[in-house]
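Right, one structure below, let's go through it.
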Amino acid sequence: MSAADKALFEREERFVMQTYPRKPVIFERGEGALLFDESGREYIDLLAGISVASVGHSNPQVVAAISEQAGRLMHVSNLFYTRPMVDLAEKLSNSSLGGRVFFCNSGAEANECAIKIARKHAHERGAGEPEIVSFESDFHGRTYGALSATPGLAKDPKLGPMLPGFRSVPFDDATALREATGGNTAAILIEPIQGEAGVFAVSDETLKVAREICDETGALLIFDEIQTGMGRTGSLWAYEQGPVRPDVITSAKALGGGTAIGACITNRATAPVLGVGDHGSTFAAGPVAASAALAVLDQIDRPETLRRVRQLGAILTEKLEKLDGVVEVRGRGLMLGVALAEGIDSAALNADLLERGLVCNAPRPDSLRLLPPFVLTDEQADRAVAIIESALSQAVAG
Ligand code: PLP
């Protein structure tokens with residue numbers, strides 16, 4: 001580590017709240033599926049900023065949209081109309097549930113909006129004490145509403161009290177879901193494929209039961225598509241490959257191509273639930289972020305892009321499954337969880353991979369998670385697999 005790197009790490013520790021265990025690398029530049037540190041060293045990025053840079057780093061179309069818009073108008077607030085915001089809402093609605101969109105600036109905020117819709121919707125149908133039901137290992141974000149729906153983190157007593165009106169059931173347990181729901185259920189809020197937990201898909205059977213419960217009780221079925229959406233699983237939204245249609249979806253991450261934007265998208269029936277004064281956000285879908293998102297959608301919502309995501313996902317899965325030290329590859333499209341053989345510590349492996357010039361992450365001790373940019377080339381994919389293979393062979397031997 002150079003003296004300049006060490007000085008930056010020390011300043012980070014002194015001045016930045018210590019909520020992240022950062023890896024010891026200072027990235028300076030990105031291009032497609034590659035990242036470069038300050039010394040000019042190249043890394044293959046299989047994480048995409050946690051599923052954000054799906055169209056690649058510094059994607060030329062996104063950069064042009066941002067630059068052009070920033071030179072014209074950056075912000076006026078939501079007290080006025082701007083064209084990119086309305087264009088984006090129309091595209092998101094038409095590409096999914098057909099209702100209305102509330103814009104915000106992050107995934108957690110998109111879920112806050114969904115929670116607010118669910119509670120108001122429940123009150124309107126006379127539910128006394130609306131309850132939101134999620135899976136125990138779900139991740140929905142760090143603001144208090146989203147956190148209350150993230151049981152693994154919500155149980156930390158130092159962060160309490162959580163919001164009332166949230167409960168959880170074991171992952172993918174349809175029977176428990178039935179038992180936990182009823183007249184007061186405002187929503188079932190779930191990730192169709194869990195990301196932070198390590199890439200686990202909810203079974204079709206459970207999704208069908210969730211839909212049935214919502215139809216019977218009047219509760220909303222809300223899919224958190226913040227990680228699974230925007231093409232990550234090989235369709236624009238993950239629900240398109242499943243057996244049921246949710247009432248509301250939330251999006252963020254890849255939507256802005258690196259700018260901060262989130263969206264809560266409803267179906268037609270749920271579109272009028274929130275009215276004037278019910279919700280708001282100063283920055284949401286400002287012209288720059290909305291223009292960036294339009295440029296992202298333009299590139300992702302294409303059959304050839306989605307086909308490539310499925311193809312590349314299949315190639316990576318097949319190659320990774322053959323490696324010594326890999327027991328299973330979970331997931332769909334380019335959202336992959338790589339389960340490691342017993343005795344291989346994912347955090348140590350991940351640190352070694354970074355040293356070898358590969359970026360991914362280790363969401364649980366027995367798995368790596370890969371969320372590569374969709375522009376990863378075949379050659380880069382081969383090189384990435386070769387790096388994982390050599391790191392694994394050392395881990396298996398060690
Ligand atoms: N929901 C899911 C499924 C996520 O993966 C994340 C982030 O990892 C969030 C919500 C929270 O998004 P943000 O960090 O933008 O608030």
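Worth saying up front: this structure is predicted, and the values here are computed from it rather than measured. In each ligand, atom 1 is the first atom listed, and ligand 1 is the first ligand listed.
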Tabulating one pair per line, provide the atom names and distances (0.1 Å) for every N/O atom of ligand 1 that is less than 3.5 Å from a protein N/O atom.
{"residue": "ligand 1", "atom": "1 (N)", "partner": "Phe139", "partner atom": "O", "Å": "3.4"}
{"residue": "ligand 1", "atom": "1 (N)", "partner": "Asp224", "partner atom": "OD1", "Å": "3.3"}
{"residue": "ligand 1", "atom": "1 (N)", "partner": "Asp224", "partner atom": "OD2", "Å": "2.7"}
{"residue": "ligand 1", "atom": "5 (O)", "partner": "Gln227", "partner atom": "NE2", "Å": "2.8"}
{"residue": "ligand 1", "atom": "8 (O)", "partner": "Lys253", "partner atom": "NZ", "Å": "3.0"}
{"residue": "ligand 1", "atom": "15 (O)", "partner": "Gly107", "partner atom": "N", "Å": "2.8"}
{"residue": "ligand 1", "atom": "16 (O)", "partner": "Gly107", "partner atom": "N", "Å": "3.4"}
{"residue": "ligand 1", "atom": "16 (O)", "partner": "Ala108", "partner atom": "N", "Å": "2.8"}

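Residue Glu240 places its CD atom among more than 12 non-hydrogen atoms of other residues, nucleotides or ligands, all under 6.0 Å distant. Within 6.0 Å of CD on Gln311 lie more than 12 heavy atoms contributed by other residues, nucleotides or ligands.
Classification of Lys6 and Glu10 as a salt-bridged pair holds, one side-chain N sitting under 4.0 Å from a carboxylate O. We find that Lys120 and Asp278 are joined by a salt bridge, their nearest charged nitrogen and carboxylate oxygen being less than 4.0 Å apart. Between Asp352 and Arg356, at least one side-chain nitrogen of the basic residue sits less than 4.0 Å from a carboxylate oxygen of the acidic one, meeting the salt-bridge criterion.
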Could you pull out all donor-acceptor pairs under 3.5 Å where a side-chain atom in residues 162-171 meets a protein atom, sequence neighbours excluded?
none

